[in-house]
Amino acid sequence: MNGSISASRRAVLSAGAAGALSALIARAAEAAAPAAADAKLYPTAAFGAKTEVAALKLLFGKAPKASSKIDLGVPEIAENGAVVPVTMASGLPNVTAMALLSLENPYTLACAYRLAPGTLAHMSSRLKLAKTTKVVAVVESNGALYRTSRMVKVTLGGCG
Amino acid sequence: MRRWLLLLLALAAPVAAAAAPNPAADRAAFQGWFRHLFPQLPLAKYVDGPYNFSASERAQWQQIMELPPYGFAVDHGKALFDARFPDGAGYASCFPHGGIGIAQDYPQFDPKTGRVVTLPIAINRCRVAHGLPKLKLTTGDLADIDAYMVRTSRGHKIDVVVPDTKPALAAYEAGKEYFYSRRGQLNFSCASCHLQYPGHRVRGDTLAPALGITASFPIYRSKWGNMGTLVRRFIGCNKNIRSAPDKPDSLAYRDLEYFLTAMSNGLPIAGPGARP
Amino acid sequence: MANPILVRAQTAHGVTTVACLVKHPMDSGFVKKAGKLIPPHYIEVIEFTHNGKTVLTGFWGPAVSRNPFFSFAFKGGKKGDTVGIAWVDNKGERAAVSAKIA
Amino acid sequence: MRGAAVVLLALGIGFAHAAPAPDLAAAKVAVAAADAAAGRARAAGDQWMPTLAALKAAHVALARGDAAAAVTAATHARHLALLSLRQAAEQKRLWRNEVPRQ
């Protein structure tokens, strides 16, 4: 895990970006403030990215490989684009970070998570999807990035 | 001559049926219609509305129900319900059983005013009786109090009584006429969607069956992002068919809710609900 | 109570599952009301702790739904342990709650 | 019914265009007639939203002194109101046809 963080740090420094997730969380752990959220940790640049490549570069400083070991649970057709339940889980070892991206949203990155050791690579959240889109799940395991994606159809409701 | 007599009888029969409202017979026919449409679906399941017709939508709903989005409304509603009025009384003093577990008995016909009283209207009446202003009938605090009172009634079987009196039956019949009358520029009745085509889609949305449709209200609707009462949905439905909505406390909506809920007698209260 | 958080934390077979519902508008900045854009207002950082130690840090963008639901799981945790949740949004507003594991 | 609507609309539009530019007095008469028809539709419990939209447009045009636009919108509103009145009258008889029987 330490290796992954320092690798990320180097990548970030070389990329000249301000907000690498791994590096930032390392600081959070050092600060160890219980039950408080630190706004300074927010990877603002990554959340402003408009493509998957740019968002992942800013967030992790590296590019992902395709993996079949990520379970991305999304509905085929969303009931309501404003509340789309998304679950992701992974059997990959030593998962340190996870992220969800929606390629057709104005900003690509939807959410990202940094996991402490012992936290399971398994989570469920709800996203807004502007239109029919590929949703991408990214997992950082043993310092490497993996991704998988699935389409979600977003229909216009008829019953205003 | 005999042929004429038969014809007269045939013409007279529907008129006679129309003359005497019979909620029990209506309910049997209404529920029978849905049994005919969906022979496999148990009666109590109708309260799940559109989620009976799509496994994927049902799965999304069940995920959302893990920690339902109306949770805040129920908590807030309980706080409001438990708070004292300036005169020291509270909502509990206005209702039988202290207002707990009674949603299945609403709407009721009030013989004094000759009007149907829905649960949200009863909540407002309680406020007025204790010198407080009425709350908005569609959303906000009143929907939250409604949500809490309905939550305490979950599982109770809907038991709307239509007294065998002329004014009560007239209100019931007016609600029935409203439900089946086509209106609005699109020429739809409530029945066009929710009786004739439940389970079918209107663009992205699945139509809920009219049977059991009232059991989940008030609802947290994702589209609204907050709670709404049944009347709020009536207003939305009317706008959908390009029909100018009635006022939230109008007799039209009260009577409609009276008829519609009476058709679901015997089904369990499932509210508050979550819908897309 | 302005910005409540509902939490459910349960432990079974050595794994604690935390589910929470956070009351927040999560305005994306892309939605118009009465012809005007509603300015963005969303949670940026949400921190989950177990007995004071961070188990998960979440970073949310405007694409996370209104009144967000989130659940995850971590190893360990006993009945009666404390789970803490704290968030801060892009306007600097914050809220925190703690709950016992059931 | 739809045929009738088309004919009525055609007549209304034809009138608005054929007549020499209507004056404000004529526009006031047209708007008053539309108001009356819409009032009857409301009383019948079957007001259409497009009727209200056209009626509003007529009032707005009248207020800014655009007699031609006021007459056009008012005529449209009145015809929509008349159609909704006809629908309401028909439904007084026809609604029972939709009631399920045993």
Side-chain angles (χ1 to χ4, degrees), chain A residues 19 21 24-25 28-29 31-44 46-49 55 59 80-89 97-102 105-130 133 135, chain C residues 14-22 26-31 40 42-77 82-99:
Chain A
L21 183 56
L24 287 169
I25 304 305
D38 187 350
K40 288 197 292 290
L41 299 178
Y42 193 60
T44 307
F47 276 99
L59 196 59
N80 180 328
V83 192
V84 183
V86 179
T87 59
M88 69 184 291
M98 301 175 95
L100 283 170
L101 299 86
S102 154
N105 273 3
Y107 300 119
T108 309
L109 183 60
C111 55
Y113 298 93
R114 191 69 198 166
L115 284 64
T119 298
L120 303 180
H122 182 291
M123 57 192 58
S124 162
S125 61
R126 296 184 195 140
L127 301 185
K128 292 176 209 153
L129 301 180
T133 183
V135 171
Chain C
V15 172
T16 301
T17 305
V18 180
C20 68
L21 191 68
V22 183
M26 298 300 284
D27 290 318
S28 65
F30 295 105
V31 177
Y42 56 91
I43 293 173
E44 290 189 334
V45 182
I46 183 162
E47 186 98 9
F48 295 85
T49 57
H50 167 225
N51 287 343
K53 189 173 142 274
T54 295
V55 282
L56 185 85
T57 309
F59 301 96
W60 287 353
V64 172
S65 297
R66 177 192 197 116
N67 293 343
F69 167 88
F70 179 71
S71 86
F72 76 104
F74 63 90
K75 274 187 217 158
T82 303
V83 166
I85 303 177
W87 59 255
V88 57
D89 69 22
N90 66 326
K91 292 185 177 176
E93 290 167 18
R94 46 180 73 242
V97 73
S98 60

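To find a chain, count down the sequence lines: A is the first, B the second, and so on, and within it residues start at 1. The basis for the numbers below is simple: all heavy atoms, side chains too, and nothing from hydrogens, waters or symmetry mates. Predicted model only: the values in this text are computed from it and were never measured.
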Short question: side chain of [X], backbone of [Y] - any donor-acceptor pair under 3.5 Å?
X	Y	result
A/Lys128	C/Met26	yes
A/Tyr107	A/Ala46	no
C/Ser65	A/Arg126	yes
A/Asn105	A/Ala110	no

To the closest 0.5 Å, what do you measure between CE (A/Met98) and CG (C/Leu56)?
9.5 Å

The reported gap from OG1 in C/Thr54 to CZ in C/Phe74 (rounded to nearest 0.5 angstrom) is 11.5 Å

Hey, would you say the A/Tyr113 and C/Phe48 ring centroids sit under 6.0 Å apart?
no

Tell me, side chain or backbone of [X] under 4.5 Å from chain A's heavy atoms, or both, or neither?
X	value
C/Ser71	both
C/Thr17	neither
C/Phe70	both
C/Val15	side chain

Pick one of side chain, backbone, both or neither for A/Ala82, based on which atoms fall under 4.5 Å of a heavy atom in chain C.
backbone

Check whether A/Ser102 gets within reach of chain C through its side chain, its backbone, both or neither, counting any heavy atom under 4.5 Å.
neither

Answer key: most heavy-atom pairs under 4.5 Å with chain A among C/Ala73, C/Gly58, C/Gly92 is C/Ala73

In terms of heavy-atom pairs under 4.5 Å with chain A, the winner among C/Val83, C/Val45, C/Thr82 is C/Val45

Closest-packed option against chain C by number of heavy-atom pairs under 4.5 Å, given [options]:
options	value
A/Leu129, A/Thr119, A/Thr87	A/Thr119
A/Ser124, A/Gly48, A/Ala130, A/Ala121	A/Ser124
A/Ser125, A/Gly118, A/Pro85	A/Gly118

Could you check whether any side-chain heavy atom of C/Val64 comes within less than 4.5 Å of a side-chain heavy atom of C/Ile43, counting everything from C-beta outward?
no

